[in-house]
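Structure record follows, encoded as structure tokens.
Both counts, for ligands and for their atoms, begin at 1 and track the order of listing.
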Amino acid sequence: MRILALESSCDESAVAVYDDAAGLLAHELHSQVDLHRIYGGVVPELASRDHVRRLLPLVRAALATAKTTPGDIDGVAYTAGPGLIGALLTGAAFGRSLAYAWGVPAVAVHHLEGHLLAPLLEATPPPFPHLALLVSGGHTMLIDVEAPGSYAVIGETRDDAAGEAFDKSAKLLGLPYPGGPQLAKLAAGGRRDRFQFPRPMLGQGLEFSFSGLKTAVSLAVKERVGNGGLDDATRADIAAGVQEAIVETLVTKTLRAIEETGREALVVAGGVGANAVLRERLAAAAGRRGVRVFYPRIEFCTDNAAMIAVAGLARLKSGASETDAIRARATWALTDLAPLTQPG
Ligand code: KG4
Ligand code: ZN
């Protein structure tokens, strides 16, 4: 079976063609970073309008790269939530229209299930069951994945997501949007032990809280702006301190979850999973406990349509198909998903 998938939940317009026998045949992506940069963050209305402009040319490009005609496509998947509602609706309306025109089923995909199943695109896919650390701009979750489609959220953030903490701290340091990767770059030249930023609830439980971090960073920055002490070395040290606080928290909680669940494989998914220090630290810590770590390749950590195609094809094989009104959901609990009868 061959599926065409659309992703438009935030500021990336993406299209992929995926085949259960031949694998990933094409994945095209247009990032809206340049469009939103001057505003310092994603402007939802501009994002929706740009998805409308980008999706059709990306579909044409993906079909050409995949050497596929609409007649070869068995289903159209699209991200139906969670995300920015206007942005989601562009993909939902376009996906449903394509499916209708091509006479094939349309499949609504949960964006986070896409992130969770992204490692299935790699040569060595993770075994099931496993533990997943899902860290993106909007979510920070520890998920016990019994099987594809069976997700128990065992830990979550009470406030900001890890990616949000990276982005907000980066903004306070005057780094351009999107802040996470920029902060990581700046941190590489800094001392990680000069600034001790808060690590709430580090000693117990599987819950996260990152909202105090931006306050602490804001104070550290303000103090030095006042007395002229915010030189380049200090900015790098603050960045390294922020990254250290976030990474240490994520690693500590993930190890605790491994202990509590007894899982022997760990999946790290979502945009923050692209962070090199996090990847390195988790691999080392899990390795010492005999736990194998599985990551999607870097480009499939952040938003993309290849992961939506994998999840969409698994859902299509399980019989999922949208027939009623075109729907998108800004919020959508992972635990609302039905178990998949056919793994990807
Ligand atoms: O999964 P994703 O592309 O979009 C959402 O579904 O949210 O994640 C985006 C998030 C942003 O907060 C971005 O700053 C963060 O992932 N991110 C990083 C890195 N690359 C992306 N954070 C830290 N280090 C990175 N290298
Ligand atoms: Zn995402």
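For Arg263 and Glu146, the salt-bridge test passes: some basic side-chain N is under 4.0 Å from an acidic carboxylate O. Salt-bridge annotation for Glu113 and Arg315: present, with a side-chain N of the basic residue lying under 4.0 Å from a carboxylate O of the acidic one.
The N, O or S atom of Asp303 lying closest to the Zn ion (ligand 2) is OD1.
Checked by distance only, ligand 1 and Gly180 come closer than 3.5 Å through their nitrogen or oxygen atoms. Close N/O approach between Thr302 and ligand 1 is not found [any backbone or side-chain N/O within under 3.5 Å]. Checked by distance only, ligand 1 and Pro181 stay at 3.5 Å or farther apart across all their nitrogen or oxygen atoms. Geometrically, ligand 1 and Glu12 share no nitrogen or oxygen pair separated by less than 3.5 Å. On a distance-only criterion, Pro178 and ligand 1 share no N/O pair closer than 3.5 Å.
Among Leu134, Asp11, Asp303, the residue whose heavy atom lies nearest to atom 2 (P) of ligand 1 is Asp303.
Residue contact annotation: His139 places no N/O/S atom under 2.8 Å from the Zn ion (ligand 2). Checking His111 against the Zn ion (ligand 2), an N/O/S atom falls under the 2.8 Å cut-off.
Of the N and O atoms on the side chains of Asn275 and Gln243, at least one donor lies less than 3.5 Å from an acceptor on the other residue. Thr65 and Glu28 share a side-chain donor-acceptor pair at under 3.5 Å.
Looking at atom 7 (O) of ligand 1, its nearest protein heavy atom turns out to be Gly137 N, 2.8 Å. Protein heavy atom closest to atom 11 (C) of ligand 1, with residue, atom name and distance, is Asp167 OD2, 3.5 Å.
Taking 4.0 Å as the cut-off, His111 counts as a neighbour of ligand 1 on heavy-atom distance.
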